[in-house]
Amino acid sequence: MESTQVVIIGGGATGAGILWDLSLRGIPSVLLEQGDIANGATGRCHGLLHSGGRYVVKDPEAARACAVENRIIKAIAPHCVEDIGGLFIHCAQDDPAFFEQWWRAAEAAGIPSNRLSAEEARALEPNLATNILGAFTSEDAHVDVFRLVLANLEAAVRRGGQFHTYSKVKSIQLDGGRVREVHYCDTRTGEEHDIACEFVINAAGAWAETVAELAGAVLPVVSDKGSLLVLNHRLSNRVINRCRKPSDADILVPAGPVCILGTSSIRVPSPEGLSASPEEINQLLHQGDEMIPGLADTRVLRIFCGARPLYVPPATHASGSREISRSFALFDHETRDGIGGFVSIVGGKLTTYRMMAATACDCVAKKLSVHEECTTDKVLLHPAIDRKAHKRAIHVLPLPVAEKIECRLGPEADQVIKEIALRPELAEIVCECELVTRAELEYVLGNSTLVPTQTIADVGRRTRLGFGPCQGTFCGYKAMLAGFQTHRWTATQAANEFSAYLQERWKGQAMVQRGKQVEQLDLSHELYGMTSPVAADCGELNGK
Amino acid sequence: MESNHYDVVVVGAGFSGLLAAAASAQQGDKVALVATGPGSFVLGTGWLKAQDIMDSSAPMELGGAIGLFREMTRIAGYPFVGQIQNTHSLPGILGDFQSVALAPEVLWNATPREGASPLVVGIRGLTCFDENFMVERLNEQVLATNSGCKYTARQISFDRDLGIPVTTVRIAKCFDRDPGFRAELTDALQQVASGFDSILVPGVLGLTSTAQQILELEQQVGCPVCETPTLPPSIPGLRLFHHLERYLHTVGVEIYQGFPVEKLEIYDGLCTELRVASPGHALILHGESVVLAAGQSSVSLLGKACTGHDEQMHPLASTGSVMARNLFVAGPLLQSDAGIKGDAMDILMGYRAGNLAAATAVLQLL
């Protein structure tokens, strides 16, 4: 039987951060994730590295934590962060008192900001509404969530950490009131496995409640749905926050070639099977249009929904989810429920994932009598690519393509570059929006990377393939053929995999059928939508 | 000024625009077609799907529309075969079988036949097509039918530099322009063809080639050569566009291609002029009737004031009144009310709009 010291459940930012933190302290650990990396709220959020500004009025403590972590993440994972800065804008419709209150609160909390006049703000961001009354600057940034999780996992693997994706925990075995064993199943093959361990850390986000139940504990976590729209262009170059009491559709985050508008906040019974209603979408677009006129008419590529795992402190009698603190809590189930070797970390924000990981790991390290201090705030996650390798890269690839692949693969990029130098045809760009070369696609599919790929969607999370306007219609097909050519899949497996991938891509597009994207979706349906049995002389075939 | 006056001006060169122009021209009208490019043909398969046509609630009219479409392809030298009522299985892009109603022979002949041994030929460097993938998929499906049909894969390559990666457009252009390339292709196909009764290649056999030219290739190779669709840009789609456009030339339709219509002047319930954003000076076109068949661009030309259309295909303002009596919309404003979808609906709607426009143009002259 596989055995380790600590099992971490959940492959979002927090879980990956914990694996990295424990690995740095030399504690052997294994992470189990039921889907692919960043499967839950991590992969379904804005990708906003908060400056703290959003919480400064209501929750100064959370704001201060965000401000500290913002700087740390920028320092330890620069390749994941687009450090674009942000604006908190005062729309004419909003309460001027809140605007002034924000300024005082930011000062009190030590959140750096400058006050801009409406003209100054519009000079920076010309698409802003003409009737805005002013703005504050902030240190908000965009962070590529998939890359951040990958970076944590890769760094951990280099230090001996292990993880299994597509591994769903089925049960947690106790022995004498202590965790002894975790039983999990590979969701793709159905194979079942056990790991013996001394400790389990529950970092399952919106699924934390379910995981806690496996060990017989109860957790006060609620799922709060947030829907986000992906727009075809960068409508701004900075993160645009609406300076008002946090509400729907008041954050716009530019992310690579697109931008993301969100979010709604709706309490849901389960984090699975989320979808957005047309009213919700219209509301988001309408509200966004107040910040950036014309936004409602831009091309919407897709919508996605995530479930925030909110922690409800016992004393809270909150009416709505926005009233619940965005801060996090650590539960030691030994003292709380008498279950030894089991802790849960719940709530929190993407921005504070590292702090959450450190808190959980401090607790576990203490119990395991490991005296290593947390150093995740100081160690660079991703070794920088050396100058020689960079020179090799720009020799065979255009600079933007070379830079993207260096960001995505880090030092591993060099192996891909060497392949391209040997076989120039591998420099072919297979995803034109995100500049993914065939060499990189084959490398990722070939599982030579530290974090293995199972599906075309996994390829997307590693390379951003299929994240642009075609939504995988063209590049997904090429990825499918590459999977077949590299003997990853048989023809039928490849076609089935591609079809599953498209279904998922279509789902997000079908909820927002507007303008040009309707044509794009039609095209995708036309190309791949309907398969029919062989007619007439060849008789019937099964399957549609 | 005088030369820019037409009985009917059609905006858009997708299926509906081309059919509208043809239908109006058939009535003897002076017709202009203005379009930025080849509509959705660049994305299509170059055939008409059976699902698009089934369950039509206007079979007579659809028969007329499809009849005109077939006539256009026949006169242009690229005839479509097949019947509206029958379906035919052709290999699609995922190596599955698509049910097709009408197609040109070069696509039509790719249907699996009992006991046949077709050869699927890939082209080295053409990364958007994989012959081994197609063969593995197609064989799995025909196996279940016990038809004894068995596909085999081969790859051919060319000495000349076709770029990295090789694209379907590059090969198609070479095929059109360079007899030397055609000879090379013929040789290469001849070499792999022995022992097989037909050849399937990705859609690369020319952007302008006629049925006759493809027949000549087949005679030289010694067996039928058929195409299967690829990822866009679709060569069979663009080829179909080329031939439909050629037909319009032969019946005297004037074609302004390359620039968008930027504005419709609507005055007193009539569309009086169309402003085309051509470089240098704006081109102004006048039509007794105007057909808008420009996909989503029709929607933006009409603006937010437009909320739908009436039975005569006139666009309606939010008040429910007709925006312009001589304006007809064929395209996304129209819901599929005839029980058909896709390209077949576009053909029908274009045909209907073209006939309505021609009738209105005549009325206004009286």
Side-chain angles (χ1 to χ4, degrees), chain A residues 297 299 420 423-430 437-438 441 470 473-478 480-485 487 489-496 498-499 502 513-520 522-544, chain B residues 40 43-45 49-52 86-100 111-114 124-125 127-130 132-149 163-166 229-232 234 295-297 299-300 304 332 341-343:
Chain A
D297 295 326
R299 177 167 167 182
I420 295 175
R423 292 166 58 204
E425 70 270 20
L426 292 179
E428 176 195 353
I429 303 289
V430 288
T437 58
R438 176 164 297 279
L441 173 64
C470 95
T473 302
F474 304 142
C475 49
Y477 182 83
K478 294 179 196 164
M480 171 194 74
L481 285 188
F484 170 76
Q485 288 156 351
H487 309 293
W489 297 310
T490 67
T492 297
Q493 281 170 342
N496 290 344
F498 182 53
S499 148
L502 278 177
Q513 296 215 30
R514 304 163 56 88
K516 275 282 176 195
Q517 200 62 22
V518 178
E519 291 179 2
Q520 180 69 50
D522 279 353
L523 165 66
S524 197
H525 284 154
E526 277 289 308
L527 272 175
Y528 309 116
M530 281 173 286
T531 298
S532 68
V534 185
D537 55 342
C538 277
E540 285 290 302
L541 277 184
N542 47 358
K544 191 177 176 182
Chain B
S40 55
L43 306 170
T45 46
K49 277 188 178 183
Q51 287 100 327
D52 290 354
N86 295 343
T87 65
H88 192 67
S89 288
L90 293 181
I93 181 169
L94 285 175
D96 46 8
F97 284 96
Q98 301 277 320
S99 174
V100 174
T111 195
R113 290 178 211 288
E114 210 146 307
R124 191 166 157 179
T127 54
C128 66
F129 183 86
D130 189 300
N132 292 308
F133 173 78
M134 293 294 280
V135 164
E136 206 177 309
R137 289 276 289 156
L138 292 172
N139 277 339
E140 263 174 43
Q141 294 174 75
V142 288
L143 193 66
T145 64
N146 292 320
S147 63
C149 178
I164 295 176
V166 180
T230 61
L231 276 187
S234 157
Q296 288 290 330
S297 306
V299 180
S300 43
K304 283 186 175 160
K341 335 183 256 295
D343 295 338

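Naming convention: chains lettered A, B, ... in sequence-line order (proteins, then strands); numbering from 1 in each chain.
- Across B:Thr45, B:Ile93, B:Ile164, B:Leu43, the residue that shares the most heavy-atom pairs under 4.5 angstrom with chain A is B:Ile93.
- Interface remark: of the candidates B:Gly92, B:Ser300, B:Cys128, B:Cys128 forms the most heavy-atom pairs closer than 4.5 Å to chain A.
- Looking at B:Leu231, only its side chain comes within 4.5 Å of chain A, counting heavy atoms on both sides.
- Within the 4.5 Å cutoff, side-chain heavy atoms of A:Leu527 are placed close to those of B:Pro232.
- Smallest separation of non-hydrogen atoms from A:His525 and B:Lys49: O-NZ, 4.4 Å.
- Of the two parts of A:Phe484, only the side chain, counted from C-beta on, holds a non-hydrogen atom closer than 4.5 Å to a non-hydrogen atom of chain B.
- For a residue to count as touching a neighbouring chain, one of its non-hydrogen atoms must lie under 4.5 Å from one of that chain's; by this rule A:Ser499 does not touch chain B.
- Note that CD of B:Glu136 is 9.0 Å distant from CD of A:Gln493, once rounded to the nearest 0.5 Å.
- Every residue meeting the side-chain hydrogen bond (donor to acceptor under 3.5 Å, both in side chains) condition with B:Thr127, not counting sequence neighbours, appears here in chain and number order: A:Glu428.
- Remark: B:Ser234 engages no residue in a side-chain hydrogen bond (donor to acceptor under 3.5 Å, both in side chains) (not counting sequence neighbours).
- For the atom pair OG1 (A:Thr492) and CZ (B:Phe133), the distance works out to 7.5 Å, reported to the nearest 0.5 Å.
- Heavy-atom distances place no part of B:Asn86 under 4.5 Å from chain A, backbone and side chain included.
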Open item on the list: Using side chain to side chain contact (heavy atoms under 4.5 Å, CB included), reason through B:Leu94 and A:Tyr477 one step at a time and then give a plain yes or no.
Closed with: CA-CA 9 Å; B:Leu94 285 175; A:Tyr477 182 83; 3.9 Å; yes
